[in-house]
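This report refers to the structure that appears directly beneath it.
Chain A is the first sequence line, chain B the second, and so forth, proteins listed ahead of strands; every chain is numbered from 1. Note that this is a predicted model, so its numbers are computed, not measured.
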Protein chains: 2
Amino acid sequence: PETFKSLSAAEFFYRNREIAGFANPTRALYQTVRELVENALDATDTHGILPIIKLYIERSRDNPNHYIVTVEDNGVGIPPQYVPRAFGQVLFSSKYVLRQTRGMYGLGAKMAILYGQITTGKPVEVITSPIVSGRIYYFKLNIDIKQNKPLILEQKSWRKNSRWHGTIVSITVEGDWSRARQYIYDYIEKTAVAAPYAELVFRDPDGKVTRYLRAIEKLPPPPKSVKPHPHGVDIEMLKFLIASAKSTTLREFLIESFQGIGEVTVDRFLEWAGLDPKADVRKMTVRSLEKLARKLKEYTGFKPPRADSLSPFSEDIIKAGLERVFRPEFVAAVTRRPSAYSGHPFIIEVGIAYGGGVKSDREPQLIRYANKIPLLFDTKSDVAWKVIDPEKFDWKQYLVNFPAPLVVLVHVCSTKVPFKGVGKESIADVPEIEKEIRNAVREAARRLRRFLSKKRQEEEMRRR
Amino acid sequence: PETFKSLSAAEFFYRNREIAGFANPTRALYQTVRELVENALDATDTHGILPIIKLYIERSRDNPNHYIVTVEDNGVGIPPQYVPRAFGQVLFSSKYVLRQTRGMYGLGAKMAILYGQITTGKPVEVITSPIVSGRIYYFKLNIDIKQNKPLILEQKSWRKNSRWHGTIVSITVEGDWSRARQYIYDYIEKTAVAAPYAELVFRDPDGKVTRYLRAIEKLPPPPKSVKPHPHGVDIEMLKFLIASAKSTTLREFLIESFQGIGEVTVDRFLEWAGLDPKADVRKMTVRSLEKLARKLKEYTGFKPPRADSLSPFSEDIIKAGLERVFRPEFVAAVTRRPSAYSGHPFIIEVGIAYGGGVKSDREPQLIRYANKIPLLFDTKSDVAWKVIDPEKFDWKQYLVNFPAPLVVLVHVCSTKVPFKGVGKESIADVPEIEKEIRNAVREAARRLRRFLSKKRQEEEMRRR
Ligand SMILES: Nc1ncnc2c1ncn2[C@@H]1O[C@H](COP(=O)(O)OP(=O)(O)OP(=O)(O)O)[C@@H](O)[C@H]1O
Ligand SMILES: Nc1ncnc2c1ncn2[C@@H]1O[C@H](COP(=O)(O)OP(=O)(O)OP(=O)(O)O)[C@@H](O)[C@H]1O
Ligand SMILES: [Mg+2]
Ligand SMILES: [Mg+2]
């Protein structure tokens with residue numbers, strides 16, 4: 001007879017860790033670095049702090065295949081009452097709100113800690129001090145996988161005698177530095193180039209130190225947390241919003257719970273939809289909720305989704321980054337206006353670099369970012385490749401004939417990037433996103449064409 | 001200040017449902033069909049029952065974009081005390097054991113039910129009767145997303161006056177039949193062709209009925225549930241096994257908990273590893289567990305993983321299937337011996353069809369299966385494509401020059417197929433699996449070469 005059983009979320013992701021990027025020691029070492037660095041950047045630039053991030057990878061003295069990965073940041077720190085769950089409970093997070101952050105699942109740090117626990121048995125060590133706090137806190141934690149809760153092995157705190165604030169996380173994992181190193185160096189390089197306002201220091205297992213100094217002193221405005229847009233709504237979301245709303249009438253509920261619905265718009269919408277403004281939302285049947293969800297999705301009169309929940313690179317930063325890495329003959333960058341899919345605002349940015357230090361290749365070299373995170377794997381299954389693939393995009397009409405020295409950078413930023421998997425390596429084919437990437441690439445490619453056509457004319461003239 | 005929050009597993013998969021294949025109404029309708037059909041096949045052929053599976057998709061009278069998807073099977077049924085959680089609790093399953101089944105996550109049916117609930121508000125209806133039961137049970141259920149538990153809206157049962165056994169599941173979802181139909185027909189066709197011992201009936205929203213009659217009366221031996229192999233072990237798995245073991249000494253624990261470790265092998269292993277057979281496993285420190293895990297992984301003297309936990313198609317079924325669909329000029333099939341990755345047994349099967357009814361194309365046409373499930377999406381990011389891609393596999397040396405009429409079928413079956421995502425569409429690059437696929441393709445390609453070379457010689461002779 002069948003044996004029925006339930007799993008905790010920790011057990012599920014432990015058994016299926018390849019889904020989160022922990023398929024083998026090479027990918028696991030890379031993913032561990034990523035998860036910690038992305039948390040450190042979220043703790044700084046999302047909070048208006050110029051980041052200082054230090055990454056150390058050192059070989060463990062007990063076992064040459066084990067690596068101690070430590071990341072230190074000068075971020076907002078974590079209140080001590082939340083530290084055990086932040087690092088010991090799968091699906092626990094401060095990023096479950098509508099705001100552009102690198103983190104979104106409440107899983108990343110825990111996956112790295114879990115992987116360390118199952119391959120080396122070593123617990124995670126966390127040192128943290130919130131800006132407002134007068135103390136520094138130390139925790140040594142394990143994850144109780146079956147119960148999905150933290151096990152505190154050690155905990156202490158002491159008075160802070162400096163103005164230090166931030167977090168240090170140290171995890172020991174099985175890894176393969178010889179195979180992972182090219183990806184980790186590439187990831188750190190791409191992160192630094194895209195965040196010139198950050199100072200990054202990286203010391204690798206051979207003791208080699210790489211330092212990226214701050215190139216600009218100005219931090220982009222941090223993204224704000226916002227309310228959902230009505231176009232993203234479904235029946236269960238309505239039920240959740242109703243349960244947590246203060247308002248009880250439909251009219252007040254819509255104004256309170258959504259962005260893009262003001263005093264004037266709400267009355268127009270209710271009239272168009274044929275709904276009663278005074279209806280008690282707590283008494284709505286499933287049938288009326290289904291109708292409300294459908295009408296909210298169809299109505300075109302709401303303001304478009306807000307962009308202040310987003311934080312793009314900017315055309316200057318993209319151009320500066322491409323210049324620095326490639327010293328190309330030509331560079332262009334495009335930051336599109338905000339768009340939306342399923343009520344989530346998003347912005348597409350595209351950069352093109354051509355010639356100069358760019359190597360010639362038989363297809364475009366695609367560099368991808370999502371919410372400022374460099375994406376290195378599964379390139380060909382990403383929606384951005386679907387757009388710029390020479391089999392789909394007519395580069396010839398822009399005077400680019402392969403083999404050619406062409407780099408295309410694509411950045412997707414959103415309150416929710418539709419990744420294909422929790423390992424965050426490639427983006428799904430969302431039609432609105434695909435369309436915007438195509439428009440941005442065309443815009444940048446037109447500028448490339450003007451440059452190439454002018455260059456060709458000058459060469460003609462010189463020949464005569 | 002940051003707002004910390006935890007999510008239930010149901011909330012997590014509700015918010016990130018694109019990760020499970022529910023990104024839009026087209027994919028959602030397709031995925032709903034898949035999840036129900038795969039459950040029906042697991043309930044039959046895994047239990048020695050010749051499957052009779054009926055799939056109905058009908059348009060809802062309330063809304064032309066809503067579809068009622070119903071699947072009926074003659075399987076083992078579900079004991080009534082487990083029905084609410086089987087369909088109302090995410091991460092609840094009877095397939096969390098080491099045995100080849102289509103299901104593995106404890107998520108599939110719940111995702112379809114969740115999607116129905118959020119797009120149409122309609123609950124799932126389940127009718128079931130276990131073989132041994134004298135009653136038929138009916139349930140109408142919702143999922144309480146926040147609590148991740150079932151809400152029973154209605155429940156009744158009545159005496160069975162026939163020998164019927166099995167399950168009927170009916171879910172109403174938002175869908176897009178015009179876009180989804182080609183994928184659903186393809187999926188049903190590929191499922192039927194690979195399961196000639198099954199009877200499948202499909203009635204689509206236009207009323208069209210497609211019937212696949214049983215072609216063979218003999219069911220392949222159902223896979224057996226087995227113990228883990230020592231090569232898959234990690235520290236946390238050891239802790240779980242120790243907690244549930246009856247034995248207390250290391251020697252007895254190893255024999256009881258693992259496959260491939262017998263009375264003779266255990267003593268040889270313990271001597272080689274320098275471990276004490278009488279050590280009390282319940283008192284082992286993390287350090288000694290880490291050493292035990294490492295030694296178990298390194299030792300090469302264990303028997304290879306067992307194949308009775310697997311259920312491949314067989315070369316006859318593959319050839320018959322390819323003949324039936326393509327009427328090719330040439331067909332070959334290879335079923336490899338069992339191999340293993342991370343202690344999980346797996347078998348690779350490859351089929352080749354050439355010429356005849358196979359259309360000519362500029363690259364090989366890849367048909368993929370995993371644990372008998374047809375995989376239709378993300379083909380180019382699958383490990384099988386990585387092997388047969390003409391850029392990586394020298395088809396010319398097998399006398400195949402593109403464009404050519406070549407179909408390659410690849411089947412990966414395992415106690416755990418390493419899918420890239422919970423939507424089960426493509427398989428990750430596990431080195432052992434990639435190597436076995438390559439060997440199988442070469443074997444089949446060699447037979448193709450003999451055929452093509454002979455054919456070419458005959459054409460030469462006829463020309464003279
Ligand atoms: N360096 C840090 N500084 C401040 N807070 C942190 C830091 N690292 C982790 N946290 C907190 O711990 C929480 C859990 O982190 P974790 O990486 O597991 O999930 P996440 O970042 O929210 O989402 P994701 O799984 O997408 O990474 C974060 O939401 C954040 O509140
Ligand atoms: N038609 C059916 N007949 C018998 N049992 C069923 C049927 N459908 C579902 N079940 C039971 O309900 C459980 C949950 O199904 P569900 O599809 O959610 O998960 P799963 O099949 O175990 O894994 P996966 O998420 O990979 O599909 C199954 O494990 C099985 O025990
Ligand atoms: Mg994180
Ligand atoms: Mg299932």
Side-chain angles (χ1 to χ4, degrees), chain A residues 1-9 11-12 14-16 18-19 23-24 63 76 78-79 82 85-86 89 91-97 104-106 114 117-122 145-146 234-237 240 286-287 289-290 293-294 378 380-381 416 418-422 426 428-431, chain B residues 1-9 11-12 14-16 18-19 23-24 63 76 78-79 82 85-86 89 91-97 104-106 114 117-122 145-146 234-237 240 286-287 289-290 293-294 378 380-381 416 418-422 426 428-431:
Chain A
E2 296 285 278
T3 26
F4 287 84
K5 195 169 113 148
S6 66
L7 296 182
S8 74
E11 277 180 293
F12 177 81
Y14 155 65
R15 289 164 62 106
N16 299 301
E18 66 278 353
I19 274 169
N24 54 61
N63 185 320
V76 288
I78 307 156
Y82 292 121
R85 296 173 76 192
Q89 182 177 330
L91 305 188
F92 187 82
S93 167
S94 64
K95 303 169 198 171
Y96 287 144
V97 294
M104 61 190 280
Y105 297 127
L114 209 60
Q117 205 169 299
I118 70 183
T119 54
T120 69
K122 300 253 164 69
I145 296 179
K146 216 161 172 57
D234 60 66
I235 296 168
E236 289 295 327
M237 190 193 292
F240 284 136
V286 169
R287 212 172 171 79
L289 285 175
E290 190 274 331
R294 190 163 19 96
D378 294 351
K380 296 281 170 77
S381 62
K416 182 185 167 202
F419 288 109
K420 283 191 156 187
V422 297
S426 62
D429 285 13
V430 170
Chain B
E2 297 286 274
T3 25
F4 287 83
K5 196 169 113 149
S6 67
L7 295 182
S8 74
E11 280 181 289
F12 176 80
Y14 155 66
R15 289 165 62 106
N16 300 300
E18 66 277 354
I19 274 168
N24 56 60
N63 186 321
V76 288
I78 306 156
Y82 292 123
R85 297 173 75 191
Q89 183 176 329
L91 305 188
F92 187 82
S93 167
S94 63
K95 303 169 196 172
Y96 288 143
V97 294
M104 61 190 280
Y105 296 128
L114 209 59
Q117 206 169 298
I118 69 181
T119 55
T120 71
K122 301 254 164 71
I145 297 179
K146 216 160 170 58
D234 61 66
I235 296 167
E236 290 293 328
M237 189 193 293
F240 284 136
V286 170
R287 214 172 170 75
L289 285 175
E290 190 274 329
R294 189 165 19 97
D378 294 350
K380 295 283 170 74
S381 61
K416 183 185 166 202
F419 288 109
K420 283 192 158 186
V422 297
S426 61
D429 285 12
V430 171

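- Taking OG1 of T3(B) as the start and NZ of K95(A) as the end, the distance is 12.0 Å to the nearest 0.5 Å.
- How far CZ of R15(B) is from OH of Y96(A): 7.0 Å, rounded to the nearest 0.5 Å.
- Going from atom CZ of F92(B) over to atom OG of S6(A) covers 6.5 Å, rounded to the nearest 0.5 Å.
- For chain B, no part of S426(A) is nearby; none of its heavy atoms comes within less than 4.5 Å.
- Between chain A and the options I145(B), V286(B), I78(B), heavy-atom pairs under 4.5 Å are most frequent for I145(B).
- Every side-chain contact (heavy atoms from CB on, under 4.5 Å) that E18(A) has, sequence neighbours left out, goes to N16(A), A23(A), K416(B).
- For the pair E290(B)/N63(A), a side-chain contact is recorded, criterion being any heavy-atom separation below 4.5 Å from C-beta on.
- Proximity to chain A (any heavy atom under 4.5 Å) is shown, for N24(B), by neither the backbone nor the side chain.
- Heavy atoms of L114(B) lying under 4.5 Å from chain A are absent altogether.
- Between Y14(A) and F240(B), the two ring planes are tilted [angle within 30° to 60°].
- For L289(B), no part sits under 4.5 Å from any heavy atom of chain A, backbone or side chain.
- The nearest pair of heavy atoms linking F4(B) to Y82(A) is CD1-CD1, 3.4 Å.
- Between V422(B) and I19(A), the shortest heavy-atom contact is CG1-CD1, 3.5 Å.
- Taking the ring-ring contact (aromatic ring centres under 6.0 Å, His included) definition, one finds that F419(A) meets it with nothing, sequence neighbours left out.
- The contact between S381(A) and chain B is made entirely by side chain atoms (from C-beta outward), counting heavy-atom distances below 4.5 Å.
- Using a 4.5 Å cut-off between heavy atoms, V430(B) does not touch chain A at all.
- Per-residue counts of heavy-atom pairs under 4.5 Å with chain A were compared for M104(B), K380(B), K146(B); the largest is that of K146(B).
- Residue contact with chain B, scored on non-hydrogen atoms closer than 4.5 Å, involves the backbone and the side chain of Q117(A) alike.
- Of the two parts of K5(B), the backbone and the side chain both hold a non-hydrogen atom closer than 4.5 Å to a non-hydrogen atom of chain A.
- Neither the backbone nor the side chain of P431(A) comes within less than 4.5 Å of any heavy atom in chain B.
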